[in-house]
Colleague: 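Right, I'll just put the structure down here and ask away after.
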Amino acid sequence: MNKDQLLEIGIQKRDGQINLTWQQIADTYGEGKYKNGELLRSWVKNQVLRGDKKNLSSPSSASSNKVKQENNKNTIEYKETIEIHKDGTQSSNKLVRMSLEDTKNPEFLLRAHGYDPESWVLVSARSNIWNAFSKATGVLQLYASKISVKPSVENELIELQKQKIKVQDQRREFNELIKKQARFEHLKEEINKSILELSKSKPLTFEKQYFNKHNNVRANVLWSDWHYGSDFKNSLNTYNSDVFKNRIQKLMNETILYGTKHDVETLTVGALGDFLSGAIHVSSRVQASENVIQQIQVVAETMAECLVELSKHFRLIRFINIMGNHARLIPDKTQSLLNENLEKLIPWYLNSRLKDFKNIDIYEDTDGYFVDETFNPQHVYLHGDLDHVSSTVKNISQVLGITPSYVFGGHIHHQTLKEFGRTKVITSSSLMGVDDYAISKRFYAEPAQLMHIFHEDGRVKYQIPIYLE
């Protein structure tokens, strides 16, 4: 190869027409004259700067320039494409530098187009010479290569297996959902049977009451953390179904006493959750004397009878049901959904059992909270497992977009009152009192519930703890 031919190749390299490195050009065409590609690159640069292109100005050089310009035009205009077809096959079209032997090598073609030979199979291939430069003439070989490929059988099997696993997962989740719904429906059926039996053996009959005064005095009583079904005796407290009944009776007597004393016309019962012992903790299961279905039946019927008794002494009873955490259908709180809760059955039971009572209104929470808009500013009722006392006001204000005057909660089993700006957070004690778990943690709280008498402007006028020991 003479100097003019080598210079021509060097100029083509500078113009971006050749994909070889300077070192590769030196090794292939330099005939040992250049130890490395940098020397060749410097020589070409100097030749161009010095204008040493005599052969390029000759007719043969002009012809070479024309070929070069044509090749450059072709290279620039060539459009590489990849197509993905519905049947899973793909087509690739690109310029590839290869030899005639390479055009017949499926593995080479697959790799040249970016496909893994272990995952793809060559279906067809077509290679056309785009431009060619032989060693003798300073020409490189470029082919317009078009191939079609499809996933290998093994790869297809893997994809099918993935789809199969996805379907199995979806079916399992669907079956789990059906199972939960079936369990809930079963509970409803069992409770409905008990309602029918109780309607015959122990009917609750509405008797219209006549109240002479209309003074608009409002009050609330907080029912919280009954944990019915727990059965224990420790150094500080005893709790079982008999103790539960006695405390409920005292709660009713005290509520009626203070309500009558203050001429209460409308009584709101804030049922703040955890009325069942449930089964979310080992200690709950050990201390439970009745299963969950029996627990929910007894609690719901007790509430129904209490509301009937209260309806005889107050013009209007407003019952607000809030879900607690002990009645979750799934003990593990990381897997349990918020509304998968047995205490959702309580309003359903009461609406059925008390359908004839005109002065008892039943309300239920939305996602664990209830906003009482009969007061302005509003009152909010919640259980407390999702809302710590110190962060309740901030969270409620951000989520609901309101600034309530009061937030009433339970869960922590003792009475508190904390003020955060315009909002007061009040928590009620537990009807159960201190159990074995609380003693082990050195916690103590008297068994009690809480009652409030309100001013006309909605502020608390009297706070009345109802002690049940």
Colleague: Tell me whether the rings of Phe232 and Tyr239 are parallel (<30°), tilted (30 to 60°) or perpendicular (>60°).
Modeller: tilted
Colleague: Which atom pairs, donor and acceptor, lie under 3.5 Å between side-chain atoms of residues 354-363 and protein residues at least two apart or in another chain?
Modeller:
from: Asn359; atom 1: ND2; to: Ser311; atom 2: O; distance (Å): 3.0
from: Asn359; atom 1: ND2; to: Phe314; atom 2: O; distance (Å): 3.4

Colleague: Given side chains that start at C-beta, do those of Met451 and Leu222 come closer than 4.5 Å, heavy atoms only?
Modeller: no
Colleague: Measuring from Met303:CE to Cys306:SG, what's the distance to the nearest 0.5 Å?
Modeller: 8.5 Å
Colleague: Between Asp169 and Arg172, is there a salt bridge with N-O shorter than 4.0 Å?
Modeller: yes
Colleague: According to salt bridge (Lys or Arg N to Asp or Glu O under 4.0 Å), who are the partners of Glu309, at least two apart in sequence or on a separate chain?
Modeller: Lys312
Colleague: Could you work out, with ring-ring contact (aromatic ring centres under 6.0 Å, His included) as the rule, every residue matching Tyr462, not counting sequence neighbours?
Modeller: His262
Colleague: Applying side chain to side chain contact (heavy atoms under 4.5 Å, CB included), run through Leu316 and Leu267 and close with a yes or a no.
Modeller: CA-CA 6 Å; Leu316 177 62; Leu267 177 67; over 6 Å; no
Colleague: Side chain to side chain contact (heavy atoms under 4.5 Å, CB included) for Glu305 and Ile248? Distances and angles first, verdict last.
Modeller: CA-CA 11 Å; Glu305 293 176 8; Ile248 289 293; over 6 Å; no
Colleague: Side chain of Ser430, backbone of Asp225: donor and acceptor closer than 3.5 Å?
Modeller: yes
Colleague: Please examine the side chains of Met98 and Leu109, heavy atoms only from C-beta on, and report whether any two atoms are closer than 4.5 Å.
Modeller: yes
Colleague: Do the non-hydrogen side-chain atoms of Leu450 and Gln415 ever get within less than 4.5 Å of each other?
Modeller: yes
Colleague: Find the distance between CH2 (Trp223) and CG (Asn321) and round it off to the nearest 0.5 Å.
Modeller: 10.5 Å
Colleague: List the steps and the verdict of side chain to side chain contact (heavy atoms under 4.5 Å, CB included) for Ile439 and Leu236.
Modeller: CA-CA 8 Å; Ile439 288 181; Leu236 300 176; 4.1 Å; yes
Colleague: Would you say that Trp120 contacts Pro151 through its side chain, given a criterion of any heavy-atom pair below 4.5 Å between the two side chains?
Modeller: yes
Colleague: Anything under 30° is parallel, anything over 60° is perpendicular, the rest tilted; go ahead and classify Phe370 against Tyr381.
Modeller: tilted
Colleague: Which distance, rounded to the nearest 0.5 Å, do you find between the NE2 of His411 and the CD1 of Ile322?
Modeller: 14.5 Å
Colleague: Considering residues at least two apart in sequence or located in another chain, which fulfil the side-chain hydrogen bond (donor to acceptor under 3.5 Å, both in side chains) criterion with Asn351?
Modeller: none
Colleague: Is the backbone of Val371 close enough, under 3.5 Å, to the side chain of Asp365 for a donor and an acceptor to pair up by distance?
Modeller: no
Colleague: Of Thr427, Thr423, Val389, Val407, which meets side chain to side chain contact (heavy atoms under 4.5 Å, CB included) against Lys418?
Modeller: Val389
Colleague: Using side-chain hydrogen bond (donor to acceptor under 3.5 Å, both in side chains) as the criterion, list what pairs up with Thr89, not counting sequence neighbours.
Modeller: Asp87
Colleague: Let me confirm one number: the CD-OH distance from Gln294 to Tyr228, rounded to the nearest 0.5 Å.
Modeller: 8.0 Å
Colleague: Is the shortest side-chain heavy-atom distance between Thr268 and Ile320 below 4.5 Å?
Modeller: yes
Colleague: Report yes if the side chains of Asp231 and Phe244 come closer than 4.5 Å at any heavy-atom pair, otherwise no.
Modeller: no
Colleague: Can you measure from OG (Ser124) to CG (Leu122) and round to the nearest 0.5 angstrom?
Modeller: 6.5 Å
Colleague: Quick check against the 3.5 Å criterion: does Asn215 have a side-chain atom that pairs as donor or acceptor with the backbone of Asp263?
Modeller: yes
Colleague: State whether the number of non-hydrogen atoms from other residues, nucleotides or ligands found under 6.0 Å of Lys94 atom NZ is greater than 12.
Modeller: yes
Colleague: How far apart are the closest heavy atoms of Ser277 and Gly229, and which atoms are they?
Modeller: CB-C, 3.9 Å
Colleague: Determine the sole option in Gln449, Arg247, Glu446 for which the side chain to side chain contact (heavy atoms under 4.5 Å, CB included) test with Tyr467 is passed.
Modeller: Glu446
Colleague: Given the rule in the side-chain hydrogen bond (donor to acceptor under 3.5 Å, both in side chains) test, do Asn234 and Asp436 qualify, once you have shown the distances and angles that lead to the verdict?
Modeller: CA-CA 7 Å; Asn234 55 48; Asp436 295 346; 3.1 Å; yes
Colleague: Return the orientation label for the Phe408 and His452 ring planes: parallel under 30°, perpendicular over 60°, tilted otherwise.
Modeller: tilted
Colleague: Kindly determine whether Ser92 and Thr81 satisfy side chain to side chain contact (heavy atoms under 4.5 Å, CB included), including the steps that lead there.
Modeller: CA-CA 6 Å; Ser92 175; Thr81 60; over 6 Å; no
Colleague: For the pair Gln295 (side chain) and Leu276 (backbone), establish whether a donor and an acceptor sit closer than 3.5 Å, ignoring hydrogens and angles.
Modeller: no
Colleague: For Lys424, enumerate each residue passing the salt bridge (Lys or Arg N to Asp or Glu O under 4.0 Å) test, keeping only those at least two apart in sequence or located in another chain.
Modeller: Glu419
Colleague: Which residues pass the side-chain hydrogen bond (donor to acceptor under 3.5 Å, both in side chains) test with Arg218, sequence neighbours left out?
Modeller: none
Colleague: Excluding sequence neighbours, so at least two apart, what forms side-chain hydrogen bond (donor to acceptor under 3.5 Å, both in side chains) with Glu301?
Modeller: Tyr349, Arg353
Colleague: Any ring-ring contact (aromatic ring centres under 6.0 Å, His included) involving residues 291-312? Give me the pairs, sequence neighbours left out, ordered by first then second residue.
Modeller: none
Colleague: Locate the shortest heavy-atom distance separating Met323 from Gly368; write the atom from each residue and the value.
Modeller: CE-N, 4.1 Å
Colleague: Does the side chain of His113 pick up a donor-acceptor pair with the side chain of Ser145 at under 3.5 Å?
Modeller: yes
Colleague: Quick check for you: to the nearest 0.5 Å, what is the distance between Leu400 atom CG and Gln378 atom CD?
Modeller: 9.0 Å
Colleague: Sequence neighbours left out, cut at 3.5 Å: what donor-acceptor pairs do the side chains of residues 453-461 make with other protein atoms?
Modeller:
from: Asp457; atom 1: OD1; to: Arg459; atom 2: N; distance (Å): 3.1
from: Asp457; atom 1: OD2; to: Arg459; atom 2: NE; distance (Å): 2.8
from: Asp457; atom 1: OD2; to: Arg459; atom 2: NH2; distance (Å): 3.0

Colleague: I'd like to know if the side chain of Asn253 reaches the main chain of Lys250, judged simply by a donor and an acceptor atom lying under 3.5 Å from each other, with no hydrogens or angles considered.
Modeller: no
Colleague: Is any side-chain heavy atom of Val269 closer than 4.5 Å to one of Leu310?
Modeller: yes
Colleague: Residues two or more places apart in sequence or in another chain: which of them pass salt bridge (Lys or Arg N to Asp or Glu O under 4.0 Å) with Glu101?
Modeller: none
Colleague: Using salt bridge (Lys or Arg N to Asp or Glu O under 4.0 Å) as the criterion, list what pairs up with Glu254, not counting sequence neighbours.
Modeller: none
Colleague: Run the ring-centre check on His413 versus His227 and record whether the distance is less than 6.0 Å.
Modeller: yes
Colleague: Is there a side-chain contact between His383 and Asp274 in this structure, where contact means two heavy atoms from C-beta onward sitting under 4.5 Å apart?
Modeller: yes
Colleague: Can you see which heavy atom on Leu272 is nearest to which on Gly410, and at what distance?
Modeller: CD1-N, 4.0 Å
